[in-house]
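Letters go in sequence order (proteins before strands), and every chain restarts at 1.
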Amino acid sequence: MTTISNSAVPPVNPVELVDWFDTSARPLPWRAPGTTGWGVLVSETMLQQTPVNRVQPIWEEWMRRWPRPSDLAAESQGEVLRAWGKLGYPRRALRLHQAAGVIADEHGDVVPSDVDTLLALPGIGAYTARAVAAFAYGRRAPVVDTNVRRVVARAVHGAGDAGPPSTKRDLADVDALLPSDDATAARMSAALMELGQVVCTVRSPACESCPIAHDCAWQHAGRPAYAGPPKKVQKFAGTDRQVRGKLLDVLRGSTGPVGRHELDAVWSDAGQRDRCLDSLLVDGLVEQTADGRFALPGEH
DNA sequence: AATCCGTGGGG
DNA sequence: TCCCCAAGGAT
């Protein structure tokens with residue numbers, strides 16, 4: 001059988017993509033020249049599963065308040081959770097706070113540029129480690145997020161969308177596309193993400209304005225529909241995730257500890273409510289005071 | 001590998 | 001309205 005991935009000519013031309021990125025990329029604040037590794041790490045963490053427009057104002061505030069890792073590390077967990085606001089998945093804030101402490105104490109208050117060192121930090125996984133290495137330090141690193149997976153699925157494999165993720169295979173796919181030199185590879189990684197976000201979108205891809213449409217395998221195949229296994233959509237209404245969110249929202253909005261009765265008001269199912277409060281305590285997102293009330297951690 | 005972890009906007 | 005999903009990570 002013929003194998004597309006082993007063809008001699010790369011299916012995606014780095015120069016075309018980078019040129020397009022240089023002229024068309026959105027001027028996001030964390031892309032501004034002079035953004036520190038810390039700024040990039042904060043942005044990448046906030047952007048995990050959270051849209052750009054919601055992240056932007058919070059990121060600006062964080063950079064103003066905590067311009068270095070040690071600044072954040074010196075803050076209480078509760079204050080960090082409050083400043084995280086409603087970005088969602090607040091455990092990210094806790095892990096970023098922990099990572100800031102490690103960076104301050106063990107890395108001279110400078111975010112590491114080495115992928116393996118980054119991977120050792122809490123809350124930093126395969127995506128974020130490589131995004132920091134590439135975007136903050138100009139390293140050649142295959143940055144694979146949901147957008148890049150879709151672009152590769154279409155442009156390289158001719159499929160309508162990416163199948164289930166497989167870190168090893170996904171990394172290899174993108175690694176094969178990147179040119180050898182660090183600067184261009186890093187730029188191309190950013191370009192692949194941008195393309196997936198603004199052009200090669202899930203529902204209505206703007207192929208007419210795509211810089212690589214002419215050598216896109218999906219285009220040449222007649223843009224077939226996605227044929228892989230059905231995507232799993234997580235429920236939210238009625239789940240522990242919703243209840244935890246409501247409980248935490250009460251604590252974020254309160255200046256001091258709150259009694260159990262105030263928390264009782266957010267959810268009628270007492271069993272689920274108690275289970276969720278317990279899990280928040282276990283996760284370190286909530287602490288219980290000596291008199292039995294509840295508060296954000298480190299604020300009483 | 002599958003599941004859990006928040007939140008809010010758009011189709 | 002409901003359903004999908006948006007720069008993932010940890011277990």
- Scan A:Arg130 against the nucleic acid and name what it touches under 4.0 Å (heavy atoms): base, sugar-phosphate only, or nothing. nothing
- Inter-residue atom distance A:Arg223.CZ - A:Trp218.CH2, 0.5 Å rounding: 4.5 Å
- Message: At 4.0 Å (heavy atoms only), tell me whether A:Thr239 reaches a base, stays on the sugar-phosphate, or touches nothing.
- Response: nothing
- Task: Apply salt bridge (charged side-chain N to carboxylate O under 4.0 Å, His left out) to A:Arg68 and A:Asp71, showing your working.
- Result: CA-CA 5 Å; A:Arg68 298 166 302 182; A:Asp71 298 320; 3.0 Å; yes
- Query: Taking the C1' atom of each, how far is C:dA6 from B:dG6, in whole Å?
  - Reply: 12 Å
- Query: A:Arg244 CZ to B:dT3 C1': how many Å, rounded?
  - Reply: 14 Å
- Item | Closest listed nucleotide, where the reference is the side chain of A:Arg150 and the choices are B:dC4, C:dA6, C:dA10 | C:dA6
- Message: Check this for me: does the side-chain of A:Thr146 come within 3.5 Å of the base of C:dG8 through a donor and an acceptor?
- Response: no
- Note on the structure: Between CG of A:Leu94 and P of C:dA10 the distance, given in whole Å, is 13 Å
- Map A:Ser166 and A:Arg241 onto DNA chain B by nearest heavy atom, then report which one ends up closer to the 5' terminus. A:Ser166
- Query: Just checking A:Trp30: base, sugar-phosphate only, or nothing, at a heavy-atom cut-off of under 4.0 Å?
  - Reply: base
- At under 4.0 Å between heavy atoms, what does A:Gly125 touch on the DNA or RNA strands: base, sugar-phosphate, or nothing? sugar-phosphate
- Message: Mind checking if A:Pro164 touches a base, just sugar-phosphate, or nothing, with heavy atoms under 4.0 Å?
- Response: nothing
- Item | Nearest-Å distance for atom pair CG/P, residues A:Leu121 and C:dG9 | 12 Å
- Message: Rounding to an integer number of Å, can you tell me how far A:Asp283 CG sits from B:dG6 C1'?
- Response: 13 Å
- Message: Determine whether A:Trp38 and A:Leu72 satisfy the following criterion, side-chain contact (heavy atoms from CB on, under 4.5 Å), listing intermediate values before the conclusion.
- Response: CA-CA 11 Å; A:Trp38 172 238; A:Leu72 185 72; 3.6 Å; yes
- Task: Please step through side-chain contact (heavy atoms from CB on, under 4.5 Å) for the pair A:Glu194 and A:Arg26, ending with a clear verdict.
- Result: CA-CA 8 Å; A:Glu194 183 80 355; A:Arg26 296 162 298 169; 3.0 Å; yes
- Among C:dG9, B:dA2, C:dA7, the one nearest A:Lys232 by side-chain distance: B:dA2
- Message: Looking at the base of C:dA7, is there any donor atom on it, or on the side chain of A:Gln49, that sits under 3.5 Å from an acceptor on the other one?
- Response: no
- Message: Over all strands shown, is A:Leu87 touching base, sugar-phosphate only, or nothing at heavy-atom distances under 4.0 angstrom?
- Response: base
- Heavy-atom donor-acceptor pair, A:Tyr89 side-chain to B:dG6 base, under 3.5 Å: yes
- Task: Taking the six-membered ring for Trp and the full ring for Phe, Tyr or His, determine whether the centres of A:Trp62 and A:Trp84 are under 6.0 Å apart.
- Result: yes
Look for any protein N or O under 3.5 Å of an N or O in nucleotides 8-11 of chain B and output each such pair with its distance, or none.
unit_1, atom_1, unit_2, atom_2, d
B:dG8, O4', A:Arg54, NH1, 3.2
B:dG8, O4', A:Arg54, NH2, 3.4
B:dG11, O4', A:Arg203, NH1, 3.3

- Task: Quick one: label A:Val202 by what it contacts on the DNA or RNA (base, sugar-phosphate, nothing), any heavy atom closer than 4.0 Å.
- Result: sugar-phosphate
- With heavy atoms under 4.0 Å as the rule, sort A:Gln242 into base, sugar-phosphate or nothing. nothing
- Task: Would you check, one step at a time, whether the test side-chain hydrogen bond (donor to acceptor under 3.5 Å, both in side chains) holds for A:Tyr127 with A:Gln48?
- Result: CA-CA 9 Å; A:Tyr127 164 77; A:Gln48 291 166 7; over 6 Å; no
- Task: Output yes when at least one side-chain N/O atom of A:Arg252 is less than 4.0 Å from OP1 or OP2 of B:dT7, else no.
- Result: yes
- Short side-chain N/O contact to C:dG9 OP1/OP2 from A:Arg91, under 4.0 Å: no
- Item | C:dA7 phosphate, OP1 or OP2, under 4.0 Å from A:Thr128 side-chain N/O | no
- Take the protein atom CD of A:Gln56 and the nucleotide atom P of C:dA7, then report the distance between them rounded to whole Å. 16 Å
- Query: With a 4.0 Å cut-off on heavy atoms, is A:Leu28 in touch with a base, just the backbone sugar-phosphate, or nothing at all?
  - Reply: base
- Task: With P as the reference atom in both, quote the distance from B:dT3 to C:dA7 in angstrom, rounded to an integer.
- Result: 23 Å
- Message: Using a heavy-atom cut-off of 4.0 Å across all strands, would you classify A:Arg26 as base, sugar-phosphate, or nothing?
- Response: base
- Query: Nearest 0.5 Å, what's the CG-CG distance between A:Leu41 and A:Leu121?
  - Reply: 7.5 Å
